[in-house]
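Have a look at the structure below before the remarks.
Residue numbers run from 1 in the order of the sequence given. All of these numbers come straight from a predicted model, not from anything done at the bench.
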Amino acid sequence: MKVPTSRLPVLLGWVAFAFALVTALAGCAAGGVGAGAITPSKDIVTASDETDASKRARVRLELAEAYFGRGQMTTALDQVKLALAADPDNGPAFNLRGLIYANLGDEPLAEESFRRALQINPRDTDTMQNYGYYMCRKKRYDEADAMFMKALAIPNQNGMSRTLLAHGVCQAFAGKLEAAQATLHHAFEVDPKNPAVAVNLSEVLYRRGAFERARFYIRRVNAQPELVSAQTLWLAAKIEHGIGNPRGSQDFGDRLVSRFHDSPEAAKFHRGSFND
């Protein structure tokens, strides 16, 4: 599933949005039937091979993912329950259940859901990413680090850049900025076109006082109009201020106020709160 990104996250803007960013639910893999699966007879699995139960689970899970993406948590949860009623061993459904309960603040059920998903598929890197980030938000940094490393140890995982991104942000939350920089730089090497990686790497470099390098990464994002946000313009203004370029800082601040005048970032610019 490709999760919609309504705004581009920076480090301090990840509280609710990070779960959606890190999620890579196996949308078509209800009941273990996927587009590339092979039956014992070596035939490619097609829709005709899907059981009625797995089809019902798949449809319900797709609906749940859509509601989750729109922030409708209780409606998404209803659809997850129906998916699990049709297919009680649906790992992606338990993964999404964990995300929903995490957003609803029910920690025991969130934890139970992630663990159940990993019982069903111990090599599910999507769940590892989400569970790791969940533990990070609970300041269980050592456990989170171990979970991210476990996910990264699985070879050829398609979501490596997402795992590295989540791991790097978690390290930054933990105050391990040097480690966060190395992890996010690795994520950039893996996926240089990912704007979330560029923004978070720029933020970490800014916090470490590496202003010129931070400028390089945030410029890549702000050069693309569809990616510009209040967060990216404010970060650019802070970087220019750190470099000692008041004109450049004012230029980005003016763009920020012009486009996002009601944003908290615009208010900070008006106050001159560059060190917040």
Side-chain angles (χ1 to χ4, degrees), residues 1-3 5 9 11 13-27 29-30 32 34 57 61 64-65 67-69 71 73 76-77 79-81 83-84 87-174 176 179-180 183-184 186-187 190 196-197 200:
M1 176 184 112
K2 185 176 182 180
V3 179
T5 53
L11 283 170
W14 264 61
V15 176
F17 188 71
F19 286 115
L21 178 69
V22 176
T23 306
L25 299 169
L61 185 54
E65 291 165 351
Y67 285 122
F68 177 83
M73 297 299 157
L77 182 59
Q79 295 300 321
V80 166
K81 289 178 180 179
L84 289 171
D87 181 4
D89 291 324
N90 190 308
F94 277 107
N95 181 23
L96 181 54
R97 182 177 184 260
L99 293 172
I100 293 169
Y101 278 124
N103 274 272
L104 293 175
D106 193 324
E107 296 178 20
L109 285 175
E111 190 111 7
E112 172 195 296
S113 301
F114 289 133
R115 289 181 176 177
R116 178 62 182 136
L118 290 175
Q119 284 178 345
I120 295 169
N121 181 5
R123 296 174 64 82
D124 180 1
T125 55
D126 294 331
T127 296
M128 291 177 195
Q129 292 163 21
N130 290 322
Y131 194 14
Y133 198 83
Y134 168 81
M135 290 188 286
C136 182
R137 294 304 305 161
K138 300 302 174 184
K139 299 184 179 181
R140 293 158 53 184
Y141 298 125
D142 289 343
E143 293 175 84
D145 186 69
M147 186 62 66
F148 288 129
M149 295 304 295
K150 183 177 180 181
L152 291 168
I154 296 176
N156 300 321
Q157 62 135 315
N158 294 328
M160 177 176 286
S161 66
R162 290 194 308 272
T163 304
L164 289 166
L165 172 59
H167 192 190
V169 170
C170 183
Q171 289 169 321
F173 278 141
K176 302 175 181 177
T183 302
L184 291 168
H186 187 189
V190 172
V197 171
N200 283 281

Compare every heavy atom of [Y] with every heavy atom of [X], then report the nearest pair and how far apart it is.
X: T125; Y: A151; answer: CG2-O, 3.8 Å
X: G132; Y: A144; answer: O-CB, 3.3 Å
X: P155; Y: R123; answer: CD-NH2, 3.8 Å
X: L184; Y: V197; answer: O-CG1, 3.6 Å
X: A93; Y: L61; answer: CA-CD1, 3.9 Å
X: G98; Y: A110; answer: O-CB, 3.5 Å

Taking the side chain as C-beta and beyond, is there a heavy-atom pair between [X] and [Y] under 4.5 Å?
X: Y101; Y: Y134; value: no
X: L96; Y: E65; value: yes
X: T127; Y: F94; value: no
X: F173; Y: K139; value: no
X: R116; Y: D89; value: yes

From [X] [atom1] over to [Y] [atom2], what is the distance, rounded to the nearest 0.5 angstrom?
X: L165; Y: F148; atom1: CG; atom2: CZ; answer: 9.0 Å
X: L152; Y: Q129; atom1: CG; atom2: CD; answer: 8.5 Å
X: L77; Y: L99; atom1: CG; atom2: CG; answer: 12.0 Å
X: H167; Y: C136; atom1: NE2; atom2: SG; answer: 8.5 Å
X: M147; Y: L118; atom1: CE; atom2: CG; answer: 6.0 Å

Please identify each residue that fulfils side-chain contact (heavy atoms from CB on, under 4.5 Å) with A180, with sequence neighbours left out.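 Testing A180 for side-chain contact (heavy atoms from CB on, under 4.5 Å), a comparison that skips the adjacent residues, returns Q171, A172, V204.
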
Main-chain N/O of Y141 paired to D145 side chain as donor or acceptor, under 3.5 Å: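 Flag not set: sc D145 to bb Y141 has no pair under 3.5 Å.
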
Do any pairs count as a salt bridge (charged side-chain N to carboxylate O under 4.0 Å, His left out) and have a residue in residues 99-113, sequence neighbours left out, and if so which ones?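 Output for this query lists R97-E112, E107-K138, E111-R115, E111-R140.
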
Side chain to side chain donor-acceptor pair (under 3.5 Å) partner of N95, the single match among D124, N130, N90, D126: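 So the option named by the test is N130.
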
